[in-house]
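In what follows, a structure is listed as structure tokens, so that the remarks can point back to it.
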Amino acid sequence: MRGGIFVTGPAGTGKSTFCGALNSWLTEQQIDSAIVNLDPGAEYFPYSPDLDVRDFVSLQNVMREYSLGPNGAQVVAADLILDHVQEIREGLDDLQDHYVIFDTPGQVELFSFRQGSPILVDSLAGDRGMICFLSDSVVASSPSGFISQKMLFGSVFFRFFKPMIFVLNKTDLITREQLENVVRWEQDPDILYESFAEEKQKMVKDFYLEMVRSFRDSGLITQIFPTSARDMEGFEDIYSQASLIFSGGDDSDTMFRDD
Ligand SMILES: Nc1nc2c(ncn2[C@@H]2O[C@H](COP(=O)(O)OP(=O)(O)O)[C@@H](O)[C@H]2O)c(=O)[nH]1
Ligand SMILES: [Mg+2]
């Protein structure tokens with residue numbers, strides 16, 4: 001594959017919709033792309049997957065076979081995917097020139113915090129994998145929400161150590177002014193720090209301010225990529241970044257500032 005784009009993020013941030021929208025955008029630009037569903041519990045997708053993990057592991061079967069409820073079965077099913085890596089890889093054989101978009105389970109922990117997931121990503125994409133972390137614009141438009149999303153982004157990065165981008169999805173649900181604020185926080189962490197102190201002034205203790213300060217200084221605040229999967233906006237920038245990463249031209253560890 002030309003590149004494997006793994007889409008993760010909290011439940012309901014629009015991962016599946018984003019996968020479908022990115023695939024449609026690439027197709028419109030006549031760029032070869034495909035979608036792989038890695039969610040054994042998916043009931044509906046806003047796209048037709050080219051490869052579907054449910055052909056190998058399905059939540060219904062796992063519930064029956066292991067006598068588990070849906071939550072326990074989700075965890076077992078996520079782990080069982082690893083037993084089928086070879087078959088999934090064979091399914092990808094014909095997609096040499098394609099960008100392959102991987103949709104991952106609804107809950108972020110089922111993909112990002114299971115033991116086998118970094119192995120799965122490496123087995124499927126090798127050194128041609130990247131992670132798109134999706135955050136919900138409404139959540140991220142308050143300073144504390146933005147910080148919590150960036151922390152989760154950092155946490156996912158520490159699981160995979162792959163090139164990773166922070167996508168601010170559903171921008172159609174926030175105002176232009178809110179979006180400009182979020183962009184400003186990303187560009188100048190000092191403004192974020194001040195906005196946070198202002199938002200939580202009554203409850204902020206030194207401990208939390210210290211955390212935000214070290215977070216600011218860590219360099220984990222990286223460029224954001226605003227998108228609206230509903231309005232098909234922002235995909236050109238996602239594609240440009242992905243192609244930079246996969247062509248090796250990117251300073252792909254933009255997670256780390258030089259200064
Ligand atoms: N307004 C808006 N809604 C969106 C957008 N992307 C997804 N959604 C909606 O968010 C909900 C969850 O989307 P889904 O793709 O299933 O999220 P997932 O659980 O992360 O895969 C659905 O109702 C989508 O229609 C977007 O860009 N804008
Ligand atoms: Mg989904």
Side-chain angles (χ1 to χ4, degrees), residues 6-18 71 74-75 78 103-114 117-118 130-230 234 238 241 253-257:
F6 293 81
V7 179
T8 187
T13 46
K15 296 180 289 296
S16 300
T17 312
F18 175 92
N71 292 340
Q74 292 269 17
V75 175
D103 191 9
T104 67
Q107 283 84 355
V108 63
E109 65 270 31
L110 289 173
F111 174 67
S112 295
F113 302 119
R114 297 301 304 159
S117 299
M130 68 173 278
I131 314 264
C132 275
F133 176 89
L134 259 60
S135 164
D136 185 304
S137 287
V138 176
V139 175
S141 59
S142 71
S144 55
F146 179 77
I147 290 166
S148 78
Q149 295 296 292
K150 283 288 187 174
M151 284 180 154
L152 190 54
F153 170 88
S155 178
V156 172
F157 176 67
F158 272 88
R159 293 287 298 140
F160 294 100
F161 282 95
K162 292 274 180 220
M164 190 163 155
I165 62 174
F166 184 94
V167 178
L168 189 71
N169 192 33
K170 305 195 189 180
T171 51
D172 55 280
L173 296 180
I174 58 171
T175 62
R176 175 170 287 275
E177 192 189 350
Q178 285 174 308
L179 177 58
E180 282 167 5
N181 270 338
V182 180
V183 171
R184 219 171 287 133
W185 295 333
E186 181 274 318
Q187 288 168 344
D188 187 346
D190 285 333
I191 299 179
L192 172 64
Y193 179 82
E194 276 159 27
S195 305
F196 174 69
E198 201 176 303
E199 180 196 9
K200 299 287 183 198
Q201 49 191 316
K202 292 218 172 59
M203 37 186 297
V204 167
K205 306 250 186 329
D206 287 351
F207 168 71
Y208 295 110
L209 283 175
E210 221 29 75
M211 266 177 69
V212 176
R213 195 175 286 128
S214 66
F215 178 65
R216 176 194 64 185
D217 295 341
S218 70
L220 265 171
I221 298 193
T222 61
Q223 189 181 358
I224 64 168
F225 289 84
T227 58
S228 166
R230 194 194 71 181
I238 301 275
Q241 188 66 16
D253 46 4
T254 44
M255 288 89 193
F256 308 109
R257 287 168 194 260

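Note that the numbering runs from 1 along the sequence shown for the chain.
- For the residue pair Pro10 and Lys15, the shortest heavy atom distance occurs at O-NZ, 3.0 Å.
- The side-chain tip of Lys150 points at the ring of Phe166 from less than 6.0 angstrom away and within 45° of straight on.
- Between the side chain of Arg230 and the backbone N or O of Thr17 there is no donor-acceptor pair closer than 3.5 Å.
- Pairing each heavy atom of Ser16 with each of Asp103, the nearest pair is OG-OD2, 2.7 Å.
- Taking the ring pair (Phe, Tyr, Trp, His ring centres under 6.0 Å) definition, one finds that Phe225 meets it with nothing, sequence neighbours left out.
- Separating the OH atom in Tyr193 from the CD1 atom in Ile147 is a distance of 10.0 Å, to the nearest 0.5 Å.
- Remark: Arg176 CZ to Thr171 OG1 distance equals 9.5 Å, nearest 0.5 Å.
- In this structure, the side chains of Asp136 and Asn169 stay at 4.5 Å or more apart for every pair of heavy atoms.
- Here the closest heavy-atom approach between residue Ser195 and residue Trp185 is recorded as OG-NE1, 3.1 Å.
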Step by step, work out the side chain to side chain contact (heavy atoms under 4.5 Å, CB included) result for Thr104 and Val7.
CA-CA 6 Å; Thr104 67; Val7 179; 5.6 Å; no
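- In this structure, Leu192 CG and Gln187 CD are separated by 12.5 Å, a value rounded to the nearest 0.5 Å.
- Atom-to-atom distance recorded for Lys170:NZ and Thr13:OG1 is 7.0 Å, nearest 0.5 angstrom.
- Taking 4.5 Å as the limit, every side-chain heavy atom of Ser135 sits out of range of all side-chain heavy atoms of Val167.
- Separation of atoms CZ (Phe133) and OG (Ser155) is listed at 8.5 Å; rounding is to 0.5 Å.
- Of all non-hydrogen atoms in Ile238 and Phe18, the two that sit nearest each other are CD1-CZ, 4.1 Å.
- For Gln178, the side chain to side chain contact (heavy atoms under 4.5 Å, CB included) test picks out Ser141, Ile174, Thr175, with sequence neighbours left out.
- The CD1 atom of Ile224 sits 5.0 Å away from the CG atom of Leu168 when rounded to the nearest 0.5 Å.
- Proximity of Met130 to Ile165: side-chain heavy atoms (C-beta onward) are separated by under 4.5 Å at one or more points.
- Arg184 places a side-chain heavy atom less than 4.5 Å from the side chain of Glu180.
- Here the closest non-hydrogen pair linking Ala140 and Val182 is O-CG2, 3.6 Å.
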Would you sort out whether Phe160 and Phe111 count as a ring-ring contact (aromatic ring centres under 6.0 Å, His included), showing the intermediate values?
CA-CA 11 Å; Phe160 294 100; Phe111 174 67; 5.2 Å; yes
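- Note: Phe157 and Phe161 meet the aromatic proximity criterion, with ring centroids under 6.0 Å apart.
- Put simply, the side chain of Phe6 does not reach to within 4.5 Å of the side chain of Cys132, judged on heavy atoms.
- Listed here is the closest heavy atom pair of Pro105 and Leu110: CB-CB, 3.9 Å.
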